[in-house]
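For ligands, and for the atoms within them, numbers begin at 1 and follow the listed sequence.
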Amino acid sequence: MAKKLFIQTYGCQMNVYDSARMADVLTPLGYAACDTPSAADMVILNTCHIREKAAEKVYSELGRLRLLKDGRREAGDDMVIAVAGCVAQAEGAEIMRRAPYVDIVFGPQSYHRLPEMVARATRASASSKRGVLDTDFPVESKFDHLPDDSAARGPSAFLTVQEGCDKFCTFCVVPYTRGAEFSRPVADIEAEARRLVEGGAREITLLGQNVNAYHGPDEAGDTTSLAALLRRLARVDGLERLRYTTSHPLEMQDDLIDVHGSEDKVMPYLHLPVQSGSDRILEAMNRRHRASDYLAIIEKLRRARPDIALSGDFIVGFPGETDADFNDTLSLVRAVNYTQAYSFKYSARPGTPAAELADTVPGDVKADRLAALQTVLDGQQQAFNRACTGRDMPVLLDRAGRRPGQLVGRSPYMQAVFVEAPESRLGTVASVRIVDGHANSLAGVLDTAAAA
Ligand code: 5AD
Ligand code: SF4
């Protein structure tokens with residue numbers, strides 16, 4: 001009988017990609033996905049360590065899983081509990097200590113070894129009790145050891161091209177949990193892209209913690225930029241849309257900016273985190289650019305692609321941030337005019353340089369600044385969405401809506417678009433007339449319906 005697998009994914013799109021690959025690795029062992037942890041023979045929590053809140057969720061979820069596991073054991077059965085991802089990488093031994101009922105703890109670089117870990121864990125739990133901990137950064141790449149059945153990831157698929165980060169922003173755990181920068185070879189990426197398209201993908205989002213630092217080798221061994229990689233993938237027949245995330249301003253070279261103007265398949269949308277608009281804080285964050293450098297990049301992007309939609313990440317309340325610094329952030333936001341953005345209160349992460357600084361901004365000030373920033377950002381997003389009313393847009397319909405007869409898709413600018421459409425249109429790019437713009441989404445009608 002098939003064994004049931006439940007994977008709970010936290011955090012970024014890299015984790016979403018990794019979770020899908022973990023499921024691929026476990027398929028040959030007879031594991032098939034199920035919808036709830038209570039039905040599962042194995043539960044994997046694929047975790048995020050980026051902010052304190054994200055990491056805390058793991059321990060509370062583990063508490064709930066423990067009860068399920070105890071129930072199973074009383075019934076003479078068992079459940080394998082595994083913790084994966086960045087909390088596992090950063091706090092592996094601590095998890096084993098605080099939650100000894102966890103069977104397997106493994107980091108983001110070793111999930112190709114899952115079959116072996118599962119075998120060891122089930123042997124261990126049958127005898128007495130010893131969990132399996134694997135948080136190595138192995139010399140072999142997991143990408144060379146994943147099964148080939150990477151197709152059928154849906155009309156809009158993720159493809160990891162780069163991992164890790166050497167930027168060492170002073171607040172960030174990623175360089176420690178994901179390790180040094182690594183770029184996959186061009187040929188491997190192109191082969192995976194072709195398989196995805198054969199499996200029905202129309203859009204591919206290239207993923208990397210620092211995706212625009214991509215510098216993988218081509219067939220001749222020459223270093224290839226993200227711009228050159230995008231140009232190559234744009235030649236893949238049947239692939240209609242390309243995106244990439246997440247980028248660092250320092251790596252936003254002119255050839256990459258040009259691609260936004262010259263390749264129609266590269267969508268007019270860019271997530272380019274800036275974190276702060278204050279030069280003083282940018283320096284303390286080790287971002288290695290000034291606010292004016294960021295604004296100059298935005299200007300070049302808009303020259304290359306006037307309709308480009310911009311998104312960003314912001315941190316408020318970094319140690320030492322004054323009202324004046326925060327006002328610089330608001331000014332930058334007003335100058336850029338984002339169509340969507342993510343903003344966070346600073347949280348000190350153990351092991352990062354900023355965690356050594358006194359957390360000077362009181363909690364209520366952080367909360368006030370976050371609310372003020374989000375009011376401006378939400379206003380910009382709403383204004384953009386409203387201004388889309390009456391426009392015709394190509395929308396990739398990539399999933400069923402909550403209501404029967406409804407499909408949901410993405411506009412070129414990454415907005416979610418709700419449309420009444422037959423299921424047969426799922427997985428296609430449809431021409432849609434936008435009839436309403438809401439805070440977080442658009443409502444549209446198929447252009448054929450609009451004409452009728
Ligand atoms: N505190 C708050 N936000 C953080 N981020 C990363 N580290 C921290 C931290 N210690 C945010 C940044 C980053 C996004 C993924 O998470 O804005 O771009
Ligand atoms: Fe973290 Fe900075 Fe690297 Fe982004 S660029 S992953 S914020 S260290």
Side-chain angles (χ1 to χ4, degrees), residues 9-17 47-57 85-87 89-91 108 160-183 207-215 226 244-252 270-278 281-289 293-294 297 310-321 326 329 332-333 336 338 340-361 363 365-367 369-370 373-374 377:
T9 309
Y10 301 91
C12 65
Q13 287 151 333
M14 305 278 297
N15 271 8
V16 176
Y17 177 91
T47 62
C48 172
H49 201 241
I50 196 92
R51 286 171 295 275
E52 199 178 349
K53 247 197 205 154
E56 271 169 10
K57 277 192 203 148
C86 294
V87 178
Q89 187 65 43
E91 304 181 8
T160 294
V161 302
Q162 179 277 340
E163 261 197 287
C165 183
D166 294 340
K167 292 285 184 292
F168 291 94
C169 300
T170 55
F171 53 80
C172 184
V173 288
V174 166
Y176 313 98
T177 56
R178 289 274 174 167
E181 240 175 50
F182 164 82
S183 295
L207 295 181
Q209 265 95 22
N210 231 298
V211 73
N212 59 345
Y214 176 83
H215 60 279
L226 183 66
Y244 58 95
T245 198
T246 289
S247 298
H248 192 292
L250 270 191
E251 309 282 353
M252 215 58 226
L270 181 66
H271 180 65
L272 191 62
V274 64
Q275 315 297 354
S276 170
S278 152
I281 297 297
L282 286 170
E283 193 174 345
M285 287 175 163
N286 191 32
R287 293 289 291 179
R288 294 188 275 155
H289 66 80
D293 301 321
Y294 182 85
I297 293 167
L310 295 160
S311 161
D313 290 348
F314 298 89
I315 297 177
V316 299
F318 186 81
E321 187 188 70
F326 176 64
T329 299
L332 179 139
V333 167
V336 174
Y338 290 90
Q340 188 217 324
Y342 305 90
S343 44
F344 313 99
K345 282 190 245 176
Y346 169 73
S347 82
R349 308 305 294 129
T352 59
E356 307 290 314
L357 305 171
D359 205 348
T360 51
V361 184
V365 176
K366 277 186 195 163
R369 286 182 189 165
L370 188 65
L373 175 61
Q374 289 182 344
L377 289 167

inquiry  = Strictly distance-based, threshold 3.5 Å: is any side-chain N or O of T245 a donor or acceptor partner for the main-chain N or O of H271?
reply    = no
inquiry  = Can you classify the ring geometry of F314 versus Y338 as parallel (below 30°), tilted (30 to 60°) or perpendicular (above 60°)?
reply    =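 Perpendicular.
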Identity and distance of the protein heavy atom lying nearest [atom]:
atom                    : answer
atom 4 (C) of ligand 1  : I315 CD1, 3.6 Å
atom 11 (C) of ligand 1 : R51 NH1, 3.2 Å
atom 10 (N) of ligand 1 : S347 O, 2.7 Å
atom 2 (C) of ligand 1  : K345 O, 3.3 Å
atom 12 (C) of ligand 1 : Q275 OE1, 3.4 Å

query = When rounded to the nearest 0.5 angstrom, what is the spacing between OH in Y294 and CD in Q275?
reply =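 With rounding to 0.5 Å, OH (Y294) is 9.5 Å from CD (Q275).
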message = Would E52 count as a contact residue for ligand 1, given that I'm defining contact as a non-hydrogen atom of the residue lying under 4.0 Å from a ligand atom?
response =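 No heavy atom of E52 comes that close to ligand 1.
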Contacting atoms of ligand 1, where contact means under 4.0 angstrom from a heavy atom of R349 =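 Contacts of ligand 1 toward R349, numbered from 1: 10 (N).
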message = Under 4.0 Å from a heavy atom of I50: which atoms of ligand 1 are those, numbered in the order shown and with their elements?
response =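 Counting from 1, the qualifying ligand atoms are 5 (N), 6 (C), 7 (N), 8 (C), 9 (C), 10 (N), 16 (O).
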Shortest non-hydrogen contact from [X] to [Y]?
X    : Y    : answer
I281 : P319 : CD1-O, 4.2 Å
G164 : Q209 : N-OE1, 2.9 Å
P273 : S247 : CD-O, 3.1 Å

note = The side chain to side chain contact (heavy atoms under 4.5 Å, CB included) partners of T160 (sequence neighbours excluded) come to M14, Y17, F143, E163, L207
ask   = Distance below 2.8 Å from atom 2 (Fe) of ligand 2: how many protein N/O/S atoms qualify?
value =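 Protein heteroatoms (N, O, S) closer than 2.8 Å to atom 2 (Fe) of ligand 2 number 1.
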ask   = For R369, which residues count as a salt bridge (Lys or Arg N to Asp or Glu O under 4.0 Å) partner, sequence neighbours excluded?
value = E321, D323
Distance-only donor-acceptor pairs under 3.5 Å for side chains of residues 167-177, two or more places apart:
from: K167; atom 1: NZ; to: E251; atom 2: OE2; distance (Å): 2.5
from: T170; atom 1: OG1; to: A284; atom 2: O; distance (Å): 2.8
from: T177; atom 1: OG1; to: V173; atom 2: O; distance (Å): 3.4

query = Do any nitrogen or oxygen atoms of D313 lie less than 3.5 angstrom from nitrogen or oxygen atoms of ligand 1?
reply = yes
query = Taking both backbone and side-chain atoms of F171, is any N or O found less than 3.5 Å from an N or O belonging to ligand 1?
reply =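 N/O-N/O distance below 3.5 Å exists for this pair.
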key: Side-chain touch Q89/H49, heavy atoms, less than 4.5 angstrom   =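 Counting from C-beta outward, Q89 and H49 never come under 4.5 Å.
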message = Show, in sequence, the C-alpha distance, side-chain angles and deciding distance for D293 and R287, and conclude whether the salt bridge (Lys or Arg N to Asp or Glu O under 4.0 Å) test is met.
response = CA-CA 11 Å; D293 301 321; R287 293 289 291 179; over 6 Å; no
